Amino acid sequence: TTARMFLEHLIDFCLFWGIPTKDSLLDRAPDVARYIYQCAVNKRCCISGEKAELHHMDAVGMGRSRKEIIHIGMEVIPLSATLHREIHKVGKITFCDKYHVFGVVADEEIAKVYNLKRR
């Protein structure tokens, strides 16, 4: 338990300060859901560690205005610009299977970081 907590602390530290690592932190994270959430909060791609854009796993657009919908409760994943284009190209199921990632539920903190409508 102590080692796991220490590893999570080190990963959080690297994400917060933007410290690059040789290996992907995704492979080192003991709790992948927590890691992806922390990547979202720190605007870091959960795969590459680069600056992230927020991808909505739940479709937005096509009649659903991004500026009008409430984002809290929607499934999202932080991705670099390159990987964001890839997920749109290959589809979310293929992408998630390839990289072994999944979306996390957006909450108040994620909505605040990305300046998304909350109410």
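Quick caveat, the model's predicted, so the values are computed rather than measured. Heads up: numbering here begins at 1 and tracks the sequence.
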Indicate yes or no: at least one non-hydrogen side-chain atom of [X] is less than 4.5 angstrom from one of [Y].
{"X": "Glu75", "Y": "Val104", "answer": "no"}
{"X": "Val101", "Y": "Val32", "answer": "no"}
{"X": "Thr94", "Y": "Ile87", "answer": "no"}
{"X": "Arg44", "Y": "Glu50", "answer": "no"}
{"X": "Ile36", "Y": "Pro78", "answer": "yes"}
{"X": "Arg4", "Y": "Glu8", "answer": "yes"}
{"X": "Phe102", "Y": "Ile77", "answer": "no"}
{"X": "Ile11", "Y": "Gln38", "answer": "no"}

Can you tell me if [X] uses its side chain to pair, donor with acceptor, with the backbone of [Y] under 3.5 Å?
{"X": "Lys92", "Y": "Met57", "value": "yes"}
{"X": "Tyr114", "Y": "Glu53", "value": "no"}
{"X": "Asp12", "Y": "Leu15", "value": "no"}
{"X": "Tyr35", "Y": "Pro30", "value": "no"}
{"X": "Thr21", "Y": "Ser24", "value": "no"}

Could you measure the distance from the CG atom of Leu7 to the CZ atom of Arg28? Nearest 0.5 Å is fine.
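Going from the CG atom of Leu7 to the CZ atom of Arg28 covers 9.0 Å.
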For the NE2 atom of His71 and the CG atom of Asn115, what is their distance to the nearest 0.5 Å?
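If we round to the nearest 0.5 Å, His71:NE2 and Asn115:CG are 9.5 Å apart.
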Ile19 with Phe16, same ILVMFWY side-chain cluster at under 4.5 Å:
yes
Salt bridge present between Glu86 and Lys98 (N-O < 4.0 angstrom)
yes
Inspect the contact between Lys112 and Glu108 and indicate whether a charged nitrogen and a carboxylate oxygen are less than 4.0 angstrom apart.
no
Take Leu54 and Leu116 through the test side chain to side chain contact (heavy atoms under 4.5 Å, CB included) and record every step on the way to the result.
CA-CA 10 Å; Leu54 199 61; Leu116 302 172; 3.8 Å; yes
Listed partners of Tyr99 passing ring-ring contact (aromatic ring centres under 6.0 Å, His included), at least two apart
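Only Phe95 meet the ring-ring contact (aromatic ring centres under 6.0 Å, His included) criterion with Tyr99.
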Check the pair Leu25 / Cys14 against side chain to side chain contact (heavy atoms under 4.5 Å, CB included), numbers first and verdict last.
CA-CA 9 Å; Leu25 292 175; Cys14 290; 4.1 Å; yes
Is the ring pair His55/His88 parallel, tilted or perpendicular, if the boundaries are 30 and 60 degrees?
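Correct class here is perpendicular.
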Work out which heavy atom in Ser48 is nearest to a heavy atom in Ser80; give both atom names and the distance.
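For Ser48 and Ser80, the tightest heavy-atom pair comes out as OG-CB, 3.8 Å.
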Do you see a donor-acceptor pair shorter than 3.5 Å between the side chains of Glu109 and Tyr37?
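Short answer, yes.
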